[in-house]
A.B. asks: 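Structure incoming, see below.
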There are 2 protein chains.
Amino acid sequence: MVTIKDVAKHAGVALSTASYALSGSDKVSPKTRELVLQAAKELNYQKNGFAMDLKRKSTKTILLILSDLSGPYYSELIRGTQEVTLSNGFDLIACSSVGGADSTAYKFLQERRVDGAIVLDPNISEHLLRESAREGCPIVVMDRYVEGDFIMNVAADNVQGGYEATRYLMEQGHRDIAWIGGPSNSLGSQHRKEGYLKALQEEGIVNTKWMLVGNFTEEGGYHSTKVLLMQEERPTAIFYGNDEMAIGGYKALREFGLSVPEDVSIVGFDDIQVAEYLSPPLTTVRQPKYEMGTMAAHLVFQAMGGEYVNKSYKLKIELIERLSCQPPRLAPNRGKGMET
Amino acid sequence: MVTIKDVAKHAGVALSTASYALSGSDKVSPKTRELVLQAAKELNYQKNGFAMDLKRKSTKTILLILSDLSGPYYSELIRGTQEVTLSNGFDLIACSSVGGADSTAYKFLQERRVDGAIVLDPNISEHLLRESAREGCPIVVMDRYVEGDFIMNVAADNVQGGYEATRYLMEQGHRDIAWIGGPSNSLGSQHRKEGYLKALQEEGIVNTKWMLVGNFTEEGGYHSTKVLLMQEERPTAIFYGNDEMAIGGYKALREFGLSVPEDVSIVGFDDIQVAEYLSPPLTTVRQPKYEMGTMAAHLVFQAMGGEYVNKSYKLKIELIERLSCQPPRLAPNRGKGMET
DNA sequence: GAAATTTATCGAAACGTTTCGATTTGTTTT
DNA sequence: AAAACAAATCGAAACGTTTCGATAAATTTC
């Protein structure tokens with residue numbers, strides 16, 4: 001384990017001089033710098049980053065915590081955070097909360113190993129967040145709302161998204177619109193449902209029989225849809241809490257001999273990559289993931305710089321119209337009926 | 001910035017005692033432990049992980065380097081490495097090489113910030129790998145071949161994959177099979193092509209007019225396919241170096257009014273998530289990504305433990321038959337013809 | 001060419017931990 | 001109740017850097 005001390009000795013200079021030379025300070029003369037660099041190369045010296053961080057009291061890295069480090073959902077978001085982080089001269093590392101309290105996420109957060117964090121992960125407790133956020137380590141939490149010093153929030157306007165999706169279906173003439181939501185601990189899912197209900201209410205529709213929960217997985221969407229279809233009355237449209245569940249829905253519908261969109265119209269949420277390749281291509285609500293990513297990263301840096309920033313940001317979403325919706329086959333003969 | 005020193009003072013014990021208490025050593029009596037823990041809580045003490053790593057001379061984390069930290073390709077692989085890493089009591093962090101020599105990957109590798117690394121990223125130079133790999137930081141490189149001390153290689157058997165895919169097409173009667181490969185710096189792509197050529201050769205087919213390169217993106221696949229289709233003679237099947245290019249191919253074919261698989265059969269490579277949802281679902285070659293991930297992680301730990309391990313591993317691939325292939329419309333009337 | 005100034009190098013302290021060996025305290029044995 | 005031992009606590013060194021203030025060497029100024 002060759003240290004800077006060895007390099008200094010080998011080059012015949014003081015340890016401090018070696019340090020200056022290696023870090024490119026102009027306090028050192030060109031020829032000794034050369035000497036030191038040469039020695040370092042000969043000994044295959046590698047600096048110890050921790051020792052440096054310890055002395056410097058900053059790590060120049062920010063941490064991105066995701067629930068599973070994979071999943072189709074994250075790509076764009078990661079890209080956004082990465083670009084901003086890099087252009088600020090910082091490093092970005094990602095980790096997951098798999099492993100609970102022993103997880104990498106906990107370790108890095110608790111042990112001051114980073115200068116800031118962006119968290120998109122419902123598994124990280126509010127307690128940990130509040131405990132870890134501090135001057136010198138601001139935290140941005142996505143898709144949920146956590147209050148605390150040095151904690152900021154960024155989310156898509158899920159209420160709006162839910163509202164617009166439902167509105168869209170209603171404008172096509174649908175009145176019997178089912179909702180298959182995500183897990184109840186997902187604030188995003190709750191908000192989407194809120195928007196959904198709001199849209200229904202505006203038209204005086206009170207819908208209680210077609211509201212189910214899934215778990216944001218394809219599997220969950222599949223099962224919930226089956227449950228839905230086994231009821232005697234069937235909706236003419238289904239709004240899913242996310243795209244993966246909608247994929248499961250496609251499968252269940254096919255098994256029941258129903259086709260999309262002729263028999264049932266479908267709207268998803270997220271606009272994951274697969275969405276446009278499904279058949280039919282899925283109409284869905286796009287979250288501005290890239291923008292959320294850049295926004296989050298910017299907030300971290302602003303907070304780090306001591307700038308005053310708002311605590312909470314909501315980004316607009318956008319409905320992506322594809323081919324999974326059409327007016328219902330028979331205009332339903334109840335309620336207010338069609339009037340488009 | 002409250003340190004262990006403050007905690008010790010506040011609890012009225014020596015610094016060393018506080019350290020023992022906090023790290024749960026049994027050298028300390030229950031009541032002083034309680035005292036220290038209490039003090040730590042009151043002061044909101046957070047340990048400094050670097051100082052610890054510095055002293056302990058190990059970080060207990062391993063690094064996963066990916067070319068872009070996103071992309072549909074990685075999910076399964078990450079899951080594999082994560083599971084193994086976690087069950088060994090280590091942490092896994094991921095980063096990308098975006099940023100070149102200033103990238104996070106470089107920093108972490110060069111500055112001894114991890115105890116091991118898994119690299120799936122053509123941008124990391126062999127030089128850096130050899131320089132960084134050492135006792136105390138073995139490196140597993142995926143999908144390419146790098147020789148060096150403490151460096152191991154894991155890859156799918158791309159030659160076999162290319163061979164089997166081509167063979168499969170030939171067994172259906174295809175003789176005019178095009179190849180649209182990845183970038184020339186991808187060893188994987190080269191091997192796939194090798195397998196492709198081998199299969200053709202076995203049947204005495206010498207094919208030069210239908211070999212193109214793309215860049216592993218949808219866009220690249222689209223353009224290369226267009227170039228291919230503008231030639232006067234058209235193949236009856238196309239084998240793509242990866243699935244994303246095949247997706248681009250679908251699009252180009254549609255524009256030319258050709259349908260899959262009636263007019264042209266298609267085989268991809270990788271089996272990314274979208275593959276099965278395309279229409280028609282894409283026949284492709286599945287890489288055992290999860291297994292590659294676990295294998296890589298295991299190797300890291302074995303090498304860390306000083307166990308002797310082979311330098312290089314190849315994992316078997318598997319052809320996934322879906323609906324994008326069928327026998328050519330007219331059996332080609334040249335060469336050896338069909339004889340299945 | 002001596003004094004003043006700049007430039008280059010050095011020594012030592014500090015960062016926040018862990019851990020070894022020494023000391024003190026408490027308990028058991030005779 | 002003194003001696004022997006175990007348990008608990010302490011002090012200090014070490015990990016590998018950076019950086020401050022001090023010294024030595026080189027350069028300029030009068």
Side-chain angles (χ1 to χ4, degrees), chain A residues 1-40 43-61 107-108 110-115 134 136-137, chain B residues 1-40 43-61 107-108 110-115 134 136-137:
Chain A
M1 199 105 310
V2 24
T3 78
I4 201 174
K5 207 167 161 181
D6 302 313
V7 174
K9 194 180 300 170
H10 194 258
V13 301
L15 186 155
S16 46
T17 309
S19 174
Y20 286 128
L22 286 168
S23 50
S25 156
D26 54 353
K27 296 182 72 174
V28 81
S29 78
K31 79 171 191 296
T32 45
R33 164 176 302 123
E34 205 40 59
L35 213 63
V36 172
L37 259 38
Q38 181 59 33
L43 298 178
N44 190 25
Y45 166 71
Q46 294 182 281
K47 112 166 0 175
N48 181 319
F50 299 132
M52 184 182 96
D53 288 344
L54 178 57
K55 195 78 228 297
R56 288 242 177 98
K57 298 178 157 206
S58 101
T59 67
K60 286 228 150 202
T61 85
K107 169 167 153 183
F108 273 69
Q110 286 180 318
E111 298 182 355
R112 308 176 158 202
R113 286 169 186 277
V114 288
D115 289 349
R134 53 166 207 281
C137 185
Chain B
M1 198 106 310
V2 24
T3 77
I4 202 174
K5 205 168 163 181
D6 302 313
V7 174
K9 195 181 302 171
H10 194 259
V13 301
L15 187 153
S16 47
T17 310
S19 174
Y20 286 129
L22 286 169
S23 51
S25 158
D26 55 353
K27 296 182 70 175
V28 82
S29 78
K31 77 170 193 296
T32 45
R33 164 176 301 122
E34 205 40 57
L35 212 63
V36 172
L37 259 37
Q38 181 60 33
L43 298 178
N44 189 24
Y45 167 72
Q46 294 183 280
K47 112 165 359 174
N48 182 319
F50 299 132
M52 183 182 100
D53 288 345
L54 178 57
K55 195 78 230 298
R56 288 243 176 98
K57 295 176 159 210
S58 102
T59 67
K60 286 227 152 204
T61 84
K107 170 167 153 181
F108 273 69
Q110 287 181 318
E111 298 183 355
R112 307 174 158 201
R113 288 171 185 275
V114 288
D115 290 349
R134 51 165 207 281
C137 185

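Per chain, numbering begins at 1; letters A, B, ... match sequence-line order.
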A.B. asks: Just jot down the side chain to side chain donor-acceptor pair (under 3.5 Å) partners of Glu34(B), sequence neighbours excluded, or say none.
C.D. replies: none
A.B. asks: I want to check one thing: is the phosphate of dC10(D), taken as OP1 and OP2, less than 4.0 Å away from some side-chain N or O of Thr17(B)?
C.D. replies: yes
A.B. asks: Would you give the length of the straight line joining atom CZ of Arg33(B) to atom NZ of Lys31(B), rounded to the nearest 0.5 angstrom?
C.D. replies: 12.0 Å
A.B. asks: Using nucleotides 20-25 of chain C, report all nitrogen or oxygen pairs with the protein that are shorter than 3.5 Å.
C.D. replies:
unit_1, atom_1, unit_2, atom_2, d
dC20(C), N4, Tyr20(B), OH, 2.8

A.B. asks: Please give, in whole Å, the distance from dA7(D) P to Lys31(B) NZ?
C.D. replies: 15 Å
A.B. asks: Kindly calculate the angle separating the two end axes of the helix from dG1(C)-dC30(D) to dT30(C)-dA1(D), each obtained from five base pairs, and round it to 10 degrees.
C.D. replies: 40°
A.B. asks: Who pairs with Gln38(A) by side chain to side chain donor-acceptor pair (under 3.5 Å), at least two apart in sequence or on another chain?
C.D. replies: Glu42(A)
A.B. asks: Determine which pairs satisfy side chain to side chain donor-acceptor pair (under 3.5 Å) with at least one residue from residues 18-30 of chain A, sequence neighbours left out, and list them in order.
C.D. replies: Ser29(A)-Thr32(A)
A.B. asks: At under 4.0 Å between heavy atoms, what does Ser23(B) touch on the DNA or RNA strands: base, sugar-phosphate, or nothing?
C.D. replies: nothing
A.B. asks: Considering residues at least two apart in sequence or located in another chain, which fulfil the side chain to side chain donor-acceptor pair (under 3.5 Å) criterion with Thr59(A)?
C.D. replies: Asp115(A)
A.B. asks: Please identify each residue that fulfils ring pair (Phe, Tyr, Trp, His ring centres under 6.0 Å) with Phe50(A), with sequence neighbours left out.
C.D. replies: Phe50(B)
A.B. asks: With sequence neighbours excluded, what pairs up with Lys47(B) under the salt bridge (charged side-chain N to carboxylate O under 4.0 Å, His left out) test?
C.D. replies: none
A.B. asks: Which pair of heavy atoms, one from Met1(A) and one from Arg134(B), lies closest together, and at what distance?
C.D. replies: CE-NE, 4.4 Å
A.B. asks: Is the distance from OP1 or OP2 of dT9(C) to the nearest side-chain N or O of Thr32(A) less than 4.0 Å?
C.D. replies: yes
A.B. asks: Side-chain polar contacts of residues 2-15 of chain A - donor-acceptor pairs under 3.5 angstrom, sequence neighbours left out - could you list them?
C.D. replies:
unit_1, atom_1, unit_2, atom_2, d
Thr3(A), OG1, Lys5(A), N, 3.0
Asp6(A), OD2, Thr3(A), N, 2.8

A.B. asks: So, using salt bridge (charged side-chain N to carboxylate O under 4.0 Å, His left out) as the criterion, who are the partners of Lys107(B) when residues are at least two apart?
C.D. replies: Asp91(A)
A.B. asks: N/O contacts under 3.5 Å, protein versus nucleotides 14-17 of chain D?
C.D. replies:
unit_1, atom_1, unit_2, atom_2, d
dA14(D), N3, Lys55(B), NZ, 3.4
dT17(D), OP1, Tyr45(A), OH, 2.8
dT17(D), OP1, Asn48(A), N, 3.2
dT17(D), OP2, Ile4(A), N, 2.7
dT17(D), O5', Tyr45(A), OH, 3.2

